[in-house]
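See structure below.
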Amino acid sequence: MTEIRLLLVDDDPLVRAGLSFMMGGADDIEIVGEAADGAEVEALVDRTRPDVVLMDIRMPTVDGLTATERLRARPDAPQVVVLTTFHADEQVLRALRVGAAGFLLKDTPPAEILAAVRRVAAGDPVLSPTVTRQLMRHAVGTAGDTRRTRARDRMAVLNDREREVALAVGRGLANAEIATGLFMSVATVKTHVSRILAKLDLNNRVQIALLAHDAGLLEEEREER
């Protein structure tokens with residue numbers, strides 16, 4: 001079994017200890033390091049090469065959102081899951097737009113945090129359907145004509161099949177579900193997702209979903225049904 005290399009970033013030593021105890025007990029997860037501030041993250045990533053970073057938002061010197069943005073701008077960046085005690089739409093949206101693969105509250109049950117780390121390591125985003133609906137309504141509602149036009153212009157570079165896959169990603173479907181719905185193999189879906197990310201210069205599936213919602217394409221799809 002391939003171990004998932006995990007880095008913990010939180011300014012509260014008790015939180016880090018609790019996460020380390022909880023995550024370290026899993027056979028497929030290795031805690032490769034801990035940081036108390038976003039300022040420490042890049043150097044620690046260079047040393048430890050994690051697959052996933054669990055990142056707190058509020059930290060004294062460099063906050064988790066800034067640290068996430070810096071990390072995701074690097075080549076071969078680890079996936080980042082934002083972990084925090086509060087749920088504010090603007091914070092979540094910023095986290096996802098700068099490249100986080102998901103958002104979890106600290107009171108999320110341990111089993112769900114473990115599952116989230118595994119999902120992110122496998123390339124899938126981690127947002128509950130409820131949170132996703134809230135975020136997408138917020139994203140569309142605050143986008144305005146300029147954002148929608150810009151998003152539509154970006155989506156226009158996709159061919160018809162890539163657009164179908166992008167919309168399916170926007171609906172929160174996993175690769176296997178997309179494959180079934182569009183009558184293609186899971187490997188082909190993964191290839192299309194990779195091409196979409198490259199064409200749109202995005203970091204992950206969550207950003208594909210946000211762009212599709214910004215463009216208003218999912219609203220149009222629902223109206224056509």
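Counting from 1, the numbers follow the sequence of the chain as shown. Only a predicted model underlies this, so the values are computations on that prediction, with no experimental measurement involved.
Side chain of R5 to main chain of E30: no donor-acceptor pair is present (N/O by atom type, distance under 3.5 Å, no hydrogens or angles). Checked by atom type and distance alone, the side chain of R72 never pairs as donor or acceptor with a backbone atom of V98 at under 3.5 Å.
Annotation: the span from D63 atom CG to D11 atom CG amounts to 11.0 Å, rounded to 0.5 Å. The distance from atom CG of L167 to atom NE2 of H213, rounded to the nearest 0.5 Å, is 9.0 Å. To the nearest 0.5 Å, atoms CG (L197) and CD1 (I208) are separated by 4.0 Å. Expressed to the nearest 0.5 Å, how far CD of E3 lies from CD1 of I31 amounts to 10.0 Å. Atom-to-atom distance recorded for L173:CG and R205:CZ is 8.5 Å, nearest 0.5 angstrom. For the atom pair CD1 (I196) and CG (D201), the distance works out to 14.0 Å, reported to the nearest 0.5 Å.
With sequence neighbours excluded, no residue forms a salt bridge (charged side-chain N to carboxylate O under 4.0 Å, His left out) with E69. Checked against salt bridge (charged side-chain N to carboxylate O under 4.0 Å, His left out), E164 has the following partners two or more places apart in sequence or in another chain: R161. Listed by chain and residue number, D28, I29, L114, R118 satisfy the side chain to side chain contact (heavy atoms under 4.5 Å, CB included) test with A26 (two or more places apart in sequence, or in another chain). Residues passing the side chain to side chain contact (heavy atoms under 4.5 Å, CB included) test with S194, sequence neighbours excluded: none. With sequence neighbours excluded, the residues that form a side chain to side chain contact (heavy atoms under 4.5 Å, CB included) with K199 are V157, L158, N159, E162. Qualifying side chain to side chain contact (heavy atoms under 4.5 Å, CB included) partners for T191, counting only residues two or more places apart in sequence or in other chains: R195. For the salt bridge (charged side-chain N to carboxylate O under 4.0 Å, His left out) test, no residue two or more places apart in sequence or in another chain qualifies with E112. For K106, the salt bridge (charged side-chain N to carboxylate O under 4.0 Å, His left out) partners at least two apart in sequence or on another chain are D10, D56.
Cluster annotation: I57 is not connected to V62 through the hydrophobic network of ILVMFWY side chains, with a link wherever side-chain heavy atoms come within less than 4.5 Å. A chain of hydrophobic side-chain contacts below 4.5 Å, direct or via other Ile, Leu, Val, Met, Phe, Trp or Tyr residues, connects V193 to L200. Taken together through direct or relayed side-chain contacts under 4.5 Å among Ile, Leu, Val, Met, Phe, Trp and Tyr, V169 and L182 form part of one hydrophobic cluster.
Counting only heavy atoms from C-beta outward, the side chains of L6 and D51 never approach each other to under 4.5 Å. With a 4.5 Å cut-off on side-chain heavy atoms, L19 and L83 count as touching. The closest side-chain heavy-atom distance from K190 to N175 is below 4.5 Å. The closest side-chain heavy-atom distance from V52 to P78 is not below 4.5 Å.
Under the 4.5 angstrom side-chain criterion for Ile, Leu, Val, Met, Phe, Trp and Tyr, the cluster partners of V80 are L7, V9, V41, L44, V45, V53, M55, M59, L71. Members clustered with F183: none, using a 4.5 Å side-chain heavy-atom cutoff among hydrophobic residues. The hydrophobic cluster of F21 has no other members, since no ILVMFWY side-chain heavy atom comes under 4.5 Å of it.
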Report task. Take R154 and L211 through the side-chain contact (heavy atoms from CB on, under 4.5 Å) test and state the conclusion after the steps. Result -> CA-CA 9 Å; R154 292 184 67 187; L211 189 63; 4.1 Å; yes
Report task. Dump the intermediate steps for side-chain contact (heavy atoms from CB on, under 4.5 Å) on D214 and R150, then the final yes or no. Result -> CA-CA 9 Å; D214 279 352; R150 187 165 58 243; over 6 Å; no
Query - Stepwise side-chain contact (heavy atoms from CB on, under 4.5 Å) test for M23 and I113 - result: CA-CA 8 Å; M23 310 298 285; I113 296 179; 3.9 Å; yes
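Residue Q207 comes nearest to G99 through the heavy atom pair NE2-N, 3.3 Å, listed as atom of the first residue, atom of the second, then distance. Of all heavy-atom pairs spanning P110 and M22, the tightest one is CB-SD, 3.0 Å. Summarising the geometry of D12 relative to L14, their closest heavy-atom pair is OD1-N, 2.9 Å, with the distance given to 0.1 Å. Heavy-atom minimum distance, F103 versus V81: N-CG1, 4.5 Å. The minimum heavy-atom distance linking P60 with A36 is given by the pair CD-O, 4.4 Å. In terms of heavy-atom proximity, A35 sits nearest to R16 at O-CD, 3.5 Å.
Pairs of residues two or more places apart, or lying in two chains, that qualify as salt bridge (charged side-chain N to carboxylate O under 4.0 Å, His left out) and include a residue from residues 73-82 are E42-R74, D46-R74.
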